[in-house]
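Quick notes on the structure that follows.
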Protein chains: 2
Amino acid sequence: MIRIDLTAATPLAEQVRLALRRAIAEGEVAPGDELPSVRQLAGDLSINLNTVARAYRELEREGLVVSHRGRGTVVASLKSKSRVPRKELRGRMRDLCADALLSGYLRGDLEQWFHKEMKRGSW
Amino acid sequence: MIRIDLTAATPLAEQVRLALRRAIAEGEVAPGDELPSVRQLAGDLSINLNTVARAYRELEREGLVVSHRGRGTVVASLKSKSRVPRKELRGRMRDLCADALLSGYLRGDLEQWFHKEMKRGSW
DNA sequence: CCTAAAGTATCATCGTCTGATACTTTGTCA
DNA sequence: TGACAAAGTATCAGACGATGATACTTTAGG
């Protein structure tokens with residue numbers, strides 16, 4: 001379902017959270033769908049179940065999923081959106097462009113990447 | 001020169017590094033320019049000089065600046081670029097779009113942000 | 001030379017991430 | 001209806017990393 005990088009600097013739980021956020025945003029999983037159990041997903045990813053549980057809890061705090069003891073975790077209705085501040089998003093856009101520039105990529109490359117993302121989700 | 005957020009999750013040294021990277025990429029400081037001393041910048045930001053020193057060392061490892069004991073730190077010629085993998089940049093683009101979508105921003109918002117960045121640097 | 005100012009090294013502290021383990025709740029089926 | 005399996009949750013210890021106080025080394029200039 002998702003993939004993580006054990007060597008990356010970002011914490012595992014954070015990676016799991018981000019990957020699931022992306023999957024939800026892109027419609028790969030829809031509201032009402034069951035997520036794998038923490039043990040299942042942890043097993044698939046070869047990490048501890050607590051790490052997955054932490055990701056789920058964060059997503060719940062963001063209103064993206066709902067967990068119930070003994071039952072499981074399902075994707076929530078997306079009415080209650082977790083609002084990322086505009087300022088932060090613009091900062092990330094800025095850093096992204098700066099890094100691309102320093103890495104020698106061209107304006108055209110970046111535009112292509114951008115437009116491919118625009119086609120992916122339900123924009 | 002730059003600003004950092006003491007409450008953010010990303011480490012201080014990393015924030016400093018990213019901010020300076022951005023300043024270099026956007027041409028705010030040019031090759032040959034002196035950066036503030038680690039004590040100076042640390043004082044301005046109210047953080048420890050080691051934290052700034054670590055950021056400088058990372059930037060040197062990336063080939064963006066050159067440090068010399070007793071002399072200072074200077075922005076390097078940008079011939080030796082630090083290459084960020086294409087895969088990582090696309091991943092960041094993807095996460096950014098996903099977050100924006102979940103936060104309720106529109107395609108138009110994102111396009112506007114993107115094009116403003118395109119105008120900023122020396123693309 | 002001697003001093004001020006630059007980067008560098010060392011080390012202690014503290015927080016946070018991760019994982020092992022045990023607990024609680026829920027649904028189901030004999 | 002009781003037992004069991006499977007789900008999320010809680011607790012706690014170990015490890016690792018980030019930060020800062022302090023001392024060291026190098027450089028330039030008077």
Side-chain angles (χ1 to χ4, degrees), chain A residues 1-21 23-24 29 31-76, chain B residues 1-21 23-24 29 31-76:
Chain A
M1 181 174 195
I2 64 176
R3 284 197 310 183
I4 59 175
D5 176 6
L6 290 173
T7 73
T10 55
L12 296 179
E14 182 74 357
Q15 288 186 52
V16 173
R17 180 186 138 252
L18 289 178
L20 291 174
R21 247 181 97 84
I24 293 172
V29 290
D33 286 358
E34 282 253 347
L35 290 186
S37 77
V38 293
R39 284 171 182 80
Q40 175 72 44
L41 187 50
D44 291 352
L45 299 175
S46 302
I47 60 180
N48 192 272
L49 81 170
N50 280 313
T51 306
V52 175
R54 273 161 208 136
Y56 280 15
R57 219 169 311 160
E58 259 309 298
L59 290 170
E60 178 158 41
R61 213 183 52 78
E62 295 174 9
L64 293 180
V65 307
V66 178
S67 291
H68 285 295
R69 229 183 212 191
R71 289 200 272 149
T73 302
V74 298
V75 178
Chain B
M1 183 173 193
I2 64 177
R3 284 197 310 183
I4 60 174
D5 176 6
L6 290 173
T7 74
T10 56
L12 296 178
E14 182 74 357
Q15 289 186 53
V16 173
R17 180 187 138 252
L18 289 178
L20 290 174
R21 246 180 100 82
I24 292 171
V29 290
D33 287 358
E34 282 253 346
L35 290 185
S37 78
V38 293
R39 285 171 181 81
Q40 174 72 43
L41 186 51
D44 290 353
L45 300 175
S46 301
I47 61 179
N48 191 272
L49 81 171
N50 280 314
T51 306
V52 175
R54 272 162 210 136
Y56 280 15
R57 219 170 312 160
E58 258 310 298
L59 290 170
E60 178 158 41
R61 214 182 53 76
E62 295 174 10
L64 293 179
V65 305
V66 179
S67 290
H68 285 295
R69 232 185 209 187
R71 288 201 273 149
T73 302
V74 175
V75 179

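In what follows, every chain begins at residue 1, and chains take the letters A, B, ... in the order their sequences are listed.
Considering only residues two or more places apart in sequence or on other chains, B/T73 meets the side-chain hydrogen bond (donor to acceptor under 3.5 Å, both in side chains) condition with B/S67.
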I'd like to compare against my own output: the B/S/- annotation of nucleotides 2-7 of chain D with a strict under-4.0 Å heavy-atom distance to protein.
-----B
Give the B/S/- string for nucleotides 12-18 of chain C, one per nucleotide from 5' to 3', where a protein heavy atom under 4.0 Å of the base yields B, of only the sugar-phosphate yields S, and otherwise -.
-----SB
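The closest donor-acceptor contact from the side chain of B/E34 to the backbone of B/G72 lies at 3.5 Å or more, if one exists at all. Although no hydrogens or angles enter the test, the distance criterion places no donor-acceptor pair under 3.5 Å between the side chain of B/E58 and the main chain of B/R17.
Taking atom CZ on A/R57 and atom P on D/dT11, their separation rounds to 11 Å, with Å as the unit. When rounded to the nearest whole Å, the span between CG of B/L35 and P of C/dG7 equals 9 Å. In this structure, CD of B/E34 is placed 11 Å from P of D/dA28, rounded to the nearest angstrom. Here the C1' atom of nucleotide C/dT8 and the CD atom of B/E58 are 15 Å apart, to the nearest Å. Rounded to a whole Å, the CG atom of A/L6 is 15 Å from the P atom of D/dC16.
Heavy-atom distances to DNA chain C give each of B/Y56 and A/S46 a nearest nucleotide, and the one nearer the 5′ end belongs to B/Y56. Mapping A/L49 and B/L49 onto DNA chain C via the closest heavy atom, the residue that lands nearer the 5' end is B/L49.
Side-chain contact between B/L35 and B/L41 is absent, with no heavy-atom pair separated by less than 4.5 Å. Within the 4.5 Å cutoff, side-chain heavy atoms of A/I47 are placed close to those of A/V52. B/M1 places none of its side-chain heavy atoms less than 4.5 Å from the side chain of B/D44. Using a 4.5 Å heavy-atom cutoff, the side chains of B/E62 and B/L59 are in contact.
The two residues A/P31 and A/A76 have their closest heavy-atom pair at CB-O, 3.4 Å.
Within 3.5 Å, no donor on the side chain of B/N50 pairs with an acceptor on the base of D/dA18, nor the reverse.
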What do the steps show when you test B/I2 against B/V16 for side-chain contact (heavy atoms from CB on, under 4.5 Å), and what is the final call?
CA-CA 8 Å; B/I2 64 177; B/V16 173; 4.1 Å; yes
